[in-house]
Amino acid sequence: MESAPSGTPTSPQRPGPPQPGPEQPGPAPSILELRIHGIANELPYGALDLPRGEVTQSDGDGLGSFWIPTPAAEARDKALPPGHVHAIRPDVRREAYSWGAMARLGGIPFGGLLGVVGKLAVRLLWAAIVPFGLVNAAYWARRIPEPEPGAHGAPGRSGSLRPEATAALTRVFALGLTLLFVSAVATVSLSVLGTRCMGLATTGADAVVPVCARLPSALYGLARMDVGDRLALLSLVPVLLVAVLVAVAHSGQVRFESKFSVMRAGGTVPPSGPPLYRSGFWTRRSGSGLLWAHLGAALALTGQFLTWTRYADAGLPMPGLPVTALVVILGACAFVALRTDDDGVQAVTSRWKGRAGLGVFAAGLVVWLVAFIAGVAGPQPTAMPALIGVDLVPALLGVGLFSVAATGLAWRTTRSTGAVAAWCAVPVVATACVALVLVIEPGASLRYTLVAVAVLAVLSPVAVVLAAILLRRRAHEGWNGAGPGVFLLVSAASAAVYSSLLVLGVQWFLREGEHAAPEPLGDGLVGIPRGVADAELVRVPPVYTEFGTASVVIALVFLALVAVALAGPYVIDAVRSRALWIPGAPRTFGPPYGPAVPAWRAVADAPDPDGGPNPVLERVLRGRQVAAMSHRAELAAGALAAAAYVAALVAHIPLIAQHDDTGTVQVPTWLSSLAVPALGVLATTLVVSAMAAGAGGGPARPWGLLWDLLCFLPRSAHPFGPPSYAERAVPEVRSRVDAWLTGADIADDAERARVAPARRVVLSAHSMGGVLAAAVVLIRAGNPLPDTADGRVGLLTYGVQLRPFFGRFFPDLLGPRTTGTPPCTGPAWSADPWGGQVRGTAAAGRQATGSPEAGSPEARGSGPGAAPAAPLTPERPEPGSGERVTLMSLLTCGTKPAWVNLWRRTDFLGFPVVGYGLNEVDRGAEEMDRAAYLFAVAAHAGYQTSWAYHEALDEVVARLTPAGP
């Protein structure tokens, strides 16, 4: 059969509206097909595959809503023959759940009044809190402890949870990020503006004060003030910007974390099983003390910057206050380290913990207020004060952050609890060594020794990581078990780049301008002579120059690694004698009739590209190759983390530990000169991406894919991180499922008792929606409804990342022990990153069946060559029994699980959930868009109009328990 040319229509046209006539009432639907969109934020009419005017909202609000076809559209599509592109089963009620606004709406109070400028500022602030979101990702990538007996609290008795070392280190790292942000803002406001670009006023009737030429005229009033008054007022800048960050991060919390509808029926069982099964996982976090601790530490640090000064002829204005501020900051560190998160256990925490966080905030507020008053009431100095804290604190924070991130590489590999806790010594030793170098300014030999000890301490986790790689202990976990460290390293690197971008950008701006003659105003007023500041006058702490230099190193190393890891295989493939053959998904269903059949057969009937010219197959094969490149996301993220690690070792710690003008190593001139241009490119990219996010006029945020992935995870480590939409979406979908199964929409009790037992639900989830659907199935089992039979909820997923991304990056949340599917190794360094797994699957199948043909269906096994972590059809544990439950066990009530997953090799974000061979869950979807008028290769979208989707829906329904007696 000839292949279809590119202009051939590949789907039948949608029929017109039904003709008027006598209505034939059909049977009441007994199956709820609830479609959940993915990270692309598909609009409801798109998810239902209908024109915009043929859908109507059935429930919900502007953030989370349920949509159904209009009665006329539903009647028309139910009259279509089975398998039609737009057909609806007669016994199905099709709904779409829209949650995208939760992850894409937010702002600051009164932000709308600022128009385009306000929207751009909000998007830039959203981009600024991405490092905070990466910390939350690291928190959930670590090893999550099993629930302690009695931790959930018996009636009339409070439960207890012990602090855990990796959780403590993650939260201390999060606090360090907040303080680094405060340090960068304080450097600009207090040091660059307050002491560098505004000089001391001269004495006399016609006194003048020099300022930088580009200083905005609106700040001339500050220049005319005494230095103490000026610095006190400028200390409001970091305080207000921290408040803005809180407002941006928590605007979503106010709107959907604390206002969600959830059916409260059902009894909570004692915590057991995976975290997503625990009944308290999606409840609102009780960690408000973390927010107060971060705010208190930020205020205390700002007060320390004001009072930790050095005058030429005067002492400190408030002796002892910098030490008091340090005590408050250390108290905040202790509080966040000892703070115990529930990890999905509904623990009753002691009231003193929340009050302790508020106490840290009160202490920090007092420190800042006292410093503010001291600055206003203190005498005018005769020499410009040197702000010691502004120079030293960012350097120590940078070393501490990278040290904690380095230990994260070994958290999952280290087995014993005591050994994990011992990693806390790494950041302590490294930070202490650098602090001694900066404070006591030792001689060359001691300085070299201290820096060497700091570098070796940060380097020590590499030995554990290399051992894990060589021994393949954690081959089925992301980055061989180094996931927490990867997230923390990327977070630390992005925070350092943002800080240097802000400080060096302001410095570069203020160094330019034109000279202006002094203009004394007389009568005691201070004139403002403007002049171009030289490089020494507008000086910034050296740490930001080192951050900028490190960013150049990160960019160079990252580009080199990406070129080798991602582009290298394709360079090799370019010199091959034949095009790379990537096989399609086994057991792919295709249309038996319609215009798409020729194109489908052209792909399905071709075993390899050697059968002659085939334009359809060539386009599909090109799509498979492009999709394979994006499947190396794990390699790309690992390359970025490795680049950050190398920069910390060779360009960060040695450069920070400087003595006067001589450092332990000399920075090449070409490298330091690249820092500002490189940061300029980053700044331009940041602004352009923020503007492009709103170019369509709709609600959007920069880097939507990364953002939606980060927003799935609960905010348990950093209180400024992106809010979790899943904390509303999962209970909301669960509530809808329970309402359908219990017949909550039926008023008559007798009718409800008759109809409800016959109802079933199929959660039809695309991409990120598959993760939400899996969480719904797990949480329903952990908090079950009374007198509700099992086996009435099925799962139909397509284009999902459960196995190679979420299962590997967050093993304790969605790994094999939670899903019940075989483990998965990472992508390989080859043009087909999964080629080894496909070949291993085929070899296992040949060995098991004795088939000599590698290409036969029997030769394809059911997994990636590794033993499954749990059987695919296990006996279902009783809720609360303490036995391990899995997603697969919860979906299995017969011989096969009520779960079908669709995937295709042309999908850049879609993967199988069990393996690349034949199994009871994974099915292939045709690689051309059956609903398109012109031929188009299907990628991440178009699953719901594929022939495989209609077959899969029927298969999931058939695997559910029989409806009714």
Side-chain angles (χ1 to χ4, degrees), residues 140 143-152 266-283 342-347 476 714 726 730-731 733-734 737-738 741 761 763 765 770-795 797 800 802-803 806-807 810-824 863 867-901 913-914 919-921 956 959-961:
W140 293 110
R143 185 183 291 115
I144 301 174
E146 294 291 334
E148 303 171 15
H152 60 289
T268 299
V269 299
S272 63
L276 292 182
Y277 174 80
R278 303 171 191 173
S279 55
F281 190 87
W282 296 115
T283 56
D342 55 9
D343 286 333
V345 181
Q346 288 181 329
H476 299 114
V730 172
V733 174
R734 180 256 166 93
V737 171
D738 291 343
L741 294 178
V761 174
L763 295 175
V771 183
L772 294 174
V776 170
V777 174
L778 289 166
I779 204 63
R780 288 189 74 252
N783 187 24
L785 288 175
D787 304 325
T788 302
D790 292 326
R792 297 200 291 158
V793 177
L795 196 57
T797 55
V800 296
L802 275 170
R803 181 171 174 262
F806 286 92
F810 309 103
D812 288 8
L813 287 187
L814 289 162
R817 296 188 65 199
T818 299
T819 60
T821 58
C824 172
L872 297 187
T873 56
E875 295 293 332
R876 179 191 298 271
E878 290 294 328
S881 65
E883 297 182 37
R884 191 76 181 184
V885 297
T886 65
L887 178 63
M888 195 70 73
S889 70
L890 295 172
L891 293 169
T892 304
C893 281
T895 59
K896 298 179 180 180
W899 184 5
V900 173
N901 175 70
V913 297
V914 173
N919 58 76
E920 299 296 343
V921 177
V956 173
R959 293 181 182 184
L960 294 171
T961 55

Euclidean distance, [Y] [atom2] relative to [X] [atom1], rounded to 0.5 Å:
| X | Y | atom1 | atom2 | answer |
| --- | --- | --- | --- | --- |
| Phe281 | Leu778 | CZ | CG | 10.5 Å |
| Leu887 | Leu802 | CG | CG | 7.5 Å |
| Arg959 | Leu891 | CZ | CG | 10.5 Å |
| Leu795 | Leu960 | CG | CG | 10.5 Å |
| Leu276 | Phe810 | CG | CZ | 11.0 Å |

How far apart are the C-alpha atoms of Val771 and Val800, what are their side-chain angles, what is the distance that settles it, and do they pass the side-chain contact (heavy atoms from CB on, under 4.5 Å) test?
CA-CA 8 Å; Val771 183; Val800 296; over 6 Å; no
Donor-acceptor pair, [X] side chain versus [Y] backbone, under 3.5 Å?
| X | Y | result |
| --- | --- | --- |
| Trp140 | Pro714 | yes |
| Ser889 | Val885 | no |
| Arg734 | Arg780 | no |
| Thr818 | Leu813 | yes |
| Asp812 | Ile144 | yes |

Work out which heavy atom in [X] is nearest to a heavy atom in [Y]; give both atom names and the distance.
| X | Y | result |
| --- | --- | --- |
| Pro816 | Gly807 | CD-O, 4.3 Å |
| Arg803 | Pro822 | NE-O, 4.2 Å |
| Pro897 | Glu920 | CD-CB, 4.5 Å |
| Trp899 | Thr821 | CZ3-CG2, 4.4 Å |
| Pro731 | Ala726 | CD-O, 3.5 Å |
| Cys893 | Gly791 | SG-CA, 3.5 Å |

Criterion side-chain contact (heavy atoms from CB on, under 4.5 Å) on Val793 and Val776, from CA distance to verdict
CA-CA 10 Å; Val793 177; Val776 170; over 6 Å; no
Could you please spell out the steps behind the side-chain contact (heavy atoms from CB on, under 4.5 Å) verdict for Leu772 and Val730?
CA-CA 6 Å; Leu772 294 174; Val730 172; 4.0 Å; yes
